[in-house]
J.: 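Structure below; questions to follow.
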Amino acid sequence: QSWGCRRFKNTSIKYKWDPLEAVKSKEKQINAYFEIATIENLVKVLSFNPMILHIICHGEYNNQRNKFYLCFEDEGKLKEVYSENLLGIIQNIKSPPKLVFVNACHSEEVAKVFLDAGTPCVIAVQSELKITDDIAKKFSQNFYQYLFEGKSIEESFTLSRAGLLEKKCYTCCCAHKHEPDCKWYQL
């Protein structure tokens, strides 16, 4: 499954969100690691064999290479991380995460590498859709709230998406391709 997002012009994350909010009220124990999105930190976090990997960064499209990429940091500068870069890292993982959530615009193509590496469920952003930061944040909050309540990944995804539609969301989160004349595609 995947959901829509808008393009960003810079690499700064515009919202802060504590994913542990969802478990604090549930009296569940969770080990969480928060790191800046760098290749080195990705390798470090994956070495802990996490059940869930949640990546928050930006995603863009390189017209010259005709490829999508994730925006990681490298000593304060932007590093374009392509599918082949991720593949080189995750193909060496013995126990891939059960869930990878790539919360970045245009991340669908790059996130497929996790599926190929054996992760059974990957949530990513469809390449051609747009979404605002507040909707991305709310979707993540809702998703983890439902997941930590014991709902399945699929049900958590579906409920989170439905919850946004009830809030008069003016951005598409319907996880399907759109025709060029679709009002959501044009945002």
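Counting from 1, the numbers follow the sequence of the chain as shown.
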J.: Which distance, rounded to the nearest 0.5 Å, do you find between the OG of Ser95 and the CZ of Phe48?
T.: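 Reported to 0.5 Å precision, the distance equals 14.5 Å.
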
J.: Side chains of His54 and Tyr144: any donor to acceptor distance under 3.5 Å?
T.: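 Tyr144 vs His54: donor-acceptor pair found between side chains.
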
J.: Shortest non-hydrogen contact from Ser107 to Ala124?
T.: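 Nearest pair, atom of Ser107 first, then Ala124: OG-CB, 3.6 Å.
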
J.: Side chains of Ile55 and Phe72: closer than 4.5 Å at any heavy-atom pair?
T.: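 Sidechains of Phe72 and Ile55: in contact.
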
J.: Quick check for you: to the nearest 0.5 Å, what is the distance between Glu109 atom CD and Leu70 atom CG?
T.: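 One finds 10.0 Å between CD of Glu109 and CG of Leu70.
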
J.: For Tyr82 and Asn62, does a side-chain donor sit closer than 3.5 Å to a side-chain acceptor?
T.: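 There is such a pair between these side chains.
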
J.: Does the plane of the ring in Phe157 sit parallel, tilted or perpendicular to the ring in Phe139? Use 30° and 60° as the thresholds.
T.: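 Answer is perpendicular, since the angle exceeds 60°.
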
J.: With heavy-atom distances below 4.5 Å as the criterion, would you say the side chains of Asp116 and Leu87 are in contact?
T.: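 No, their side chains stay 4.5 Å or more apart.
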
J.: Please, which pairs that meet salt bridge (Lys or Arg N to Asp or Glu O under 4.0 Å) have at least one residue in residues 61-71, sequence neighbours excluded?
T.: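 Passing the test, one end in residues 61-71: Arg65-Glu84, Lys67-Glu84.
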
J.: Does any non-hydrogen side-chain atom of Phe101 lie less than 4.5 Å from one of Leu147?
T.: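 Contact flag for Leu147/Phe101 side chains = no.
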
J.: So for atom CD, which belongs to Glu40, do other residues, nucleotides or ligands contribute more than 12 heavy atoms lying within a distance under 6.0 Å?
T.: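 At most 12 heavy atoms, drawn from other residues, nucleotides or ligands, come within 6.0 Å of this atom.
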
J.: Would you check if the side chain of Thr38 reaches a backbone N or O of Asn41 as a donor-acceptor pair within less than 3.5 Å?
T.: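 It does hold such a pair.
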
J.: About how many Å separate OG of Ser140 and CD of Gln145, when rounded to the nearest 0.5 Å?
T.: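 Answer rounded to 0.5 Å: 13.0 Å.
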
J.: Consider only side-chain heavy atoms of I, L, V, M, F, W and Y, link residues closer than 4.5 Å, and tell whether Leu46 and Ile36 are in one cluster.
T.: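 Result: no, two separate clusters.
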
J.: Are Glu60 and Cys71 packed together at the side-chain level, in the sense that at least one heavy-atom pair is separated by less than 4.5 angstrom?
T.: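 Contact flag for Glu60/Cys71 side chains = yes.
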
J.: Could you check whether any side-chain heavy atom of Leu99 comes within less than 4.5 Å of a side-chain heavy atom of Thr119, counting everything from C-beta outward?
T.: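 Contact flag for Leu99/Thr119 side chains = no.
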
J.: Hey, what do you get for CG (Leu159) to CD (Glu149), rounding to the nearest 0.5 Å?
T.: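 Rounded to the nearest 0.5 Å, the CG-CD separation comes to 9.0 Å.
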
J.: Report the C-alpha separation of Val102 and Val100 in whole Å, then their side-chain angles, then the decisive distance to 0.1 Å, and conclude whether the side chain to side chain contact (heavy atoms under 4.5 Å, CB included) test is met.
T.: CA-CA 6 Å; Val102 185; Val100 173; 3.7 Å; yes

J.: Can you tell if the side chain of Lys44 reaches within under 4.5 Å of the side chain of Glu35, non-hydrogen atoms only?
T.: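 Yes, at least one pair of side-chain atoms sits under 4.5 Å.
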
J.: Rounded to the nearest 0.5 Å, what separates atom CZ in Phe114 from atom CD1 in Ile123?
T.: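 Between atom CZ of Phe114 and atom CD1 of Ile123 there are 13.0 Å.
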
J.: So do Tyr146 and Ser160 actually touch side chain to side chain, heavy atoms under 4.5 Å?
T.: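 Contact flag for Ser160/Tyr146 side chains = yes.
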
J.: Considering non-hydrogen atoms only, spot the tightest contact between Ala37 and Cys57 and give its length.
T.: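 Nearest pair, atom of Ala37 first, then Cys57: CB-CB, 4.3 Å.
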
J.: How long is the gap from OG1 on Thr158 to CZ on Arg161, to the nearest 0.5 Å?
T.: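 Reported to 0.5 Å precision, the distance equals 5.5 Å.
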
J.: Going by the rule side chain to side chain contact (heavy atoms under 4.5 Å, CB included), which residues pair with Ser152 if we only count those two or more places apart in sequence or in a different chain?
T.: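 For Ser152 the side chain to side chain contact (heavy atoms under 4.5 Å, CB included) partners, ignoring immediate neighbours, are Glu154, Glu155.
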
J.: So, do Leu53 and Leu42 sit near enough that their side-chain heavy atoms are less than 4.5 Å apart?
T.: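 SC-SC contact between Leu53 and Leu42 confirmed.
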
